[in-house]
Amino acid sequence: MAQKTVLRKPKGFIDVYKHKPGAEKDRTHYCPGCGHGILHKLIAEALEDYDIVEKTIVISPVGCSVFAYYYFDTGNIQVAHGRAPAVATAVSRANPDSVVISYQGDGDLAAIGGNNILQAANRGENVVVFFVNNAIYGMTGGQMAPTTLLGQKTTTTPYGRNPQTDGYPLQMCEIINQLTAPVFVTRTSLHDMPNIRKTRAAVRKGIKNAMDKKGFSFVEVLSMCPSGWKMDAVPAQEWIKENMLPRFPLGTLRDISEEAPAIERPVPVMDADEVKKILGYGAFSDSNLEKNPDAAFNKVALRVAGFGGQGIMSTGIALANVGMEYGYNVSWLPSYGPEMRGGTANCSVKIQGDTIGASECTEPNMIIAMNQPSLEKFEKILIPDGVIIYNSTLIDIEPTRRDVKVYNVPITGIADELGDTRFQSMVNVGAFAAVTGMFDPGEIQGLMSSLFAGKPESVIKLNEKAVQRGYNYVKDNFS
Amino acid sequence: MPRKLMKGNYAAVYGAILAGCKAYYGYPITPASEIAESASALFPKFGRTFVQSESEVSAINMVYGAAGCGQRVMTGSSGPGISLKQEGISYCAGSALPCVIVDIMRGGPGLGNIGPEQSDYNQVVKGGGHGNYKVVVLAPNSAQEMCDLTMLAFELADKYRNPVFVLTDGVIGQMMEAVELPEPVKELPDKSDWAVYGTADSRHLINSIYLDHDDLEWWNRELAKKYETIQKNEVRVEEYMMDDAEIVAIGYGSCSRVIRSAVDLARERGIKLGMFRPITLFPFPVKEIAKFPDRGLKGILTVEMSDGQLVDDVNLALKGKMISDLYNRMGGNVPTALEILEKISELYGV
């Protein structure tokens, strides 16, 4: 008895195409003779045979296959033009155990999404890309694609593709094959049965790679577009053979699927206690130092300025940290950007009990000037009765302001005596402490170890010494 | 509470980690780069995803993908990068995908410069991409709020299935302040009725196509309803010395910090200035501002670092009963408290 043939859709397809508008929910929207239907079926059959329909996610592009989600009984994500590889990247990272299929046409993949496909391939994302190359934009009505052949007439190359104005047909497999990461790069065709069978094998290979987390597989499929090419279905098959195959030779350019190791993705840590531990909550400031009620200052608006490399930013950050330890509100604002690399640097530091408004000290009550241009620039905006601390090692002029208090401290000199100019910022911290009376160097030793966490004990000790020297210099010379 | 001194840009990333954000996709740009940098340092410590994307366009599409898979996900950028992301943001809004986008505004147009500005106001608050949509916009003005409002952004994004912006300027991004780190979020919302996980029960469709005109009109009206609900429920403002204020200065982000200083200075001089600060830019505090004309104010001054983008919304809310004056700086310049007081004196004779 002859075997009974049961005609049914593969399980990779939705039985009734519920997402498809209109009455015809049992057939595709593709034109007669189009290759998409064939490729869809090869994919759907493979999903059934590998029993992975439920764990598969199909990314539908823009183009005729924009509606791929009508058909596949999988998770479906429809995306913007050209961006399927970017979306697939995140989908694969989010669901590392799923099988992610990125389905794209030639305009989508090779033109507007050219960089997306290269970069996803280069990262070796665990996705399988099915690239339908029909040498034309189908959905938008037959315009030139990157893969359009030389001389081919389209609605935007009405005189034929001219290499001098339109360039040459892009060979995506060959381009992808230049990259290190992809594991499987192949080109097949749908123009006759033997090649459909080869396509079937390539589809399965790509999907199997995604199942096995082997990384990036790229399957280019030459496909008929009778409507776009303005010809009947059978001549369209012939057209591929005669015109596309010479430019887009069939075959596997690379297959290292066997030896490629499976990609492993970590499991995200979400437990609240674990999160706090990793963020180092235990090491944060608990602001337990007591403010000095007799301090000369309880509200600081400080501008620190000098050359890049003079510890300007670190002086400000250290003082803000100290202020925070004493329970003050603090802010630190750098001059940022090219200025930072152009040789001069300055930052604003506010330390006060009240809520801080503007963080930029436009009218500072104190400046620390590490070089002459900074002194000249910022003494002008200092408020009356303000304080200037300046680096007398490098500045040999006096400030011009007479309505302010001036402390000339050989900041660089003290640091150099300790063996490294980089101690300047801690000398500043010491001088600041002495001038403001806001804190005592002895109290901030614990802070020093956290400021210089990871540095050798000897370095921490020297920095502590620098603070003390800066402090002592002011106390000894200006009391 | 434990406090840590950190830049606003870092605080946003801490907020993301604490809110259970599982993935960061981004592209470097000054003055937002520390967001990507700190995400690259922090996310892998938690086995969470960090990818430096090939472009801003890719970053937002990666966000789209992760959001479609139900993850809390974030990206960050600045003006030119936000311009590039707009198409993807429209897709996120059209597909009702929750995600968080941080914009640290810089000077424009074009390449402009990397100084602080607030000139992305229109392109962010008005939904700068194609189609009818809005995004929730939170405008922090401190490092603390960069953390707190980023956490809130994730919450609102999930609550409304909508993109949420954390919009601030270069000053707030670059400034360091002490941040009290809150408790991490313990439970994430259930998205199993729509998110795609690659499992039998999650074979959903993430999509913004509605071929049928009536269907798309229906969807637009659904979105409009959602925005109305947001307008009704989510307005947040901060007021300072407003009770007896005769003059009100309105501003957000670093402008609100400067206004606070101006208020203190004004009060020392006997000028009754108050600060009104929108924390949410969409929803905009329309009702609150609409009440100002009944207070018998001497004047309303909007302070912004853009070319009258904020004052337009203030004046829309005032409905012609009063007209807000404008004091603005641009190009990377930040207004100062003294400038604001001079302007007030010039305008209102105080």
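Chain identifiers are assigned alphabetically (A, B, ...) following the order of the sequence lines, protein sequences preceding nucleic acid strands; residue numbering begins at 1 within each chain.
If you measure heavy-atom distances from A/Thr362 to chain B, the contacts under 4.5 Å come from the side chain alone. With a 4.5 Å cut-off on non-hydrogen atoms, A/Glu363 touches chain B through its side chain but not through its backbone. Contact annotation for B/Val51: only side-chain heavy atoms (C-beta onward) come within less than 4.5 Å of a heavy atom of chain A. Of the atoms belonging to B/Lys4, heavy atoms from both backbone and side chain fall under 4.5 Å from chain A. At a 4.5 Å heavy-atom cutoff, B/Ile60 makes no contact with chain A through either its backbone or its side chain. Contacts of B/Leu5 with chain A are made by both backbone and side-chain atoms, with heavy-atom separations under 4.5 Å. Both the backbone and the side chain of A/Asp73 come within contact range of chain B, with heavy atoms under 4.5 Å apart. Of the atoms belonging to A/Val267, it is backbone heavy atoms, and not side-chain ones, that fall under 4.5 Å from chain B. Neither the backbone nor the side chain of B/Ser254 comes within contact range of chain A; no heavy atom of the residue lies under 4.5 Å from a heavy atom of that chain. For B/Ala178, the parts lying under 4.5 angstrom from a heavy atom of chain A are both the backbone and the side chain. Of the atoms belonging to A/Phe72, not a single heavy atom falls under 4.5 Å from chain B. For chain B, the nearby part of A/Ile57 is the side chain; its heavy atoms alone come within less than 4.5 Å. Both the backbone and the side chain of A/Ile317 come within contact range of chain B, judged by heavy atoms closer than 4.5 Å. For B/Ala337, no part lies near chain A; criterion is any non-hydrogen pair under 4.5 Å. Contacts of A/Val53 with chain B are made by both backbone and side-chain atoms, with heavy-atom separations under 4.5 Å. B/Tyr197 touches chain A through backbone and side chain together, each having a heavy atom under 4.5 Å away.
With a 4.5 Å cut-off on side-chain heavy atoms, A/Val87 and B/Met62 do not count as touching. Side-chain contact between B/Gln71 and A/Arg93: absent, with no pair of heavy atoms (C-beta onward) separated by less than 4.5 Å. At a threshold of 4.5 Å between non-hydrogen side-chain atoms, the residues B/Met175 and A/Glu360 do not count as touching. Contact of the A/Phe284 side chain with the B/Arg3 side chain is not registered, since no non-hydrogen atoms from C-beta on lie closer than 4.5 Å. Counting heavy atoms from C-beta on, the side chains of A/Tyr69 and B/Asn207 come closer than 4.5 Å. Taking the side chain as every heavy atom from C-beta outward, A/Asn95 and B/Thr199 never approach each other to under 4.5 Å. Counting only heavy atoms from C-beta outward, the side chains of B/Met176 and A/Val330 never approach each other to under 4.5 Å. Looking only at side-chain heavy atoms (C-beta outward), A/Asn76 and B/Val196 stay at 4.5 Å or farther from each other.
Around CG of A/Asp15, the count of heavy atoms belonging to other residues, nucleotides or ligands within 6.0 Å does not exceed 12. Other residues, nucleotides and ligands contribute at most 12 non-hydrogen atoms within 6.0 Å of the OH atom of B/Tyr27. With a 6.0 Å radius and a threshold of 12 heavy atoms from other residues, nucleotides or ligands, A/Lys25 has its NZ atom above the threshold. Within 6.0 Å of NZ on A/Lys11 lie no more than 12 heavy atoms contributed by other residues, nucleotides or ligands.
Of all non-hydrogen atoms in B/Ala66 and A/Ala90, the two that sit nearest each other are N-CB, 3.5 Å. Shortest non-hydrogen contact noted between B/Arg203 and A/Gly75 is CG-N, 3.5 Å. A/Ser98 and B/Gly198 make their closest contact through CB-CA, 4.0 Å (heavy atoms, listed as atom of the first residue, atom of the second, distance).
Put simply, the side chain of B/Ser261 gets close to the backbone of A/Ala358: a donor and an acceptor are under 3.5 Å apart. Side chain of B/Arg48 to backbone of A/Val269: a donor-acceptor contact under 3.5 angstrom is found. Although no hydrogens or angles enter the test, the distance criterion places a donor-acceptor pair under 3.5 Å between the side chain of B/Arg257 and the main chain of A/Ile356. The main-chain N or O of B/Asn61 is never found under 3.5 Å from a side-chain atom of A/Arg83 such that the two would form a donor-acceptor pair.
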- Message: Apply salt bridge (charged side-chain N to carboxylate O under 4.0 Å, His left out) to residues B/Glu54 and A/Arg123 and explain how you reach the verdict.
- Response: CA-CA 10 Å; B/Glu54 59 270 24; A/Arg123 286 190 300 267; 2.9 Å; yes
- Query: What's the verdict on side chain to side chain contact (heavy atoms under 4.5 Å, CB included) for B/Leu18 and A/Leu279, showing C-alpha distance, side-chain angles and the deciding distance?
  - Reply: CA-CA 9 Å; B/Leu18 294 170; A/Leu279 283 180; 3.7 Å; yes
- For the pair B/Arg260 and A/Thr355, evaluate side chain to side chain contact (heavy atoms under 4.5 Å, CB included) and give the outcome as yes or no after the intermediate values. CA-CA 9 Å; B/Arg260 178 182 268 274; A/Thr355 304; 3.8 Å; yes
- side chain to side chain contact (heavy atoms under 4.5 Å, CB included) between A/Val79 and B/Tyr91, intermediate numbers included: CA-CA 8 Å; A/Val79 303; B/Tyr91 271 75; 5.9 Å; no
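Within the model, atoms NE2 of A/His19 and CG of B/Leu211 stand 13.5 Å from one another, a figure rounded to the nearest 0.5 Å. Here the OG atom belonging to A/Ser335 is positioned 10.0 Å from the CD atom belonging to B/Gln174, to the nearest 0.5 angstrom. Here the CZ atom belonging to B/Arg72 is positioned 8.5 Å from the CE atom belonging to A/Met270, to the nearest 0.5 angstrom.
When each of B/His204, B/Lys186, B/Met275 is checked for heavy-atom pairs under 4.5 Å with chain A, B/His204 comes out on top. Top candidate by heavy-atom pairs under 4.5 Å with chain A, chosen from B/Asp215, B/Asn141, B/Asp264, B/Val258, is B/Val258. With chain A as the partner, the residue from B/Ile206, B/Leu42, B/Asp212, B/Val185 showing the most heavy-atom pairs under 4.5 Å is B/Ile206. Counting heavy-atom pairs closer than 4.5 Å to chain A, the top-ranked of the candidates B/Leu188, B/Asp201, B/Ile209 is B/Ile209.
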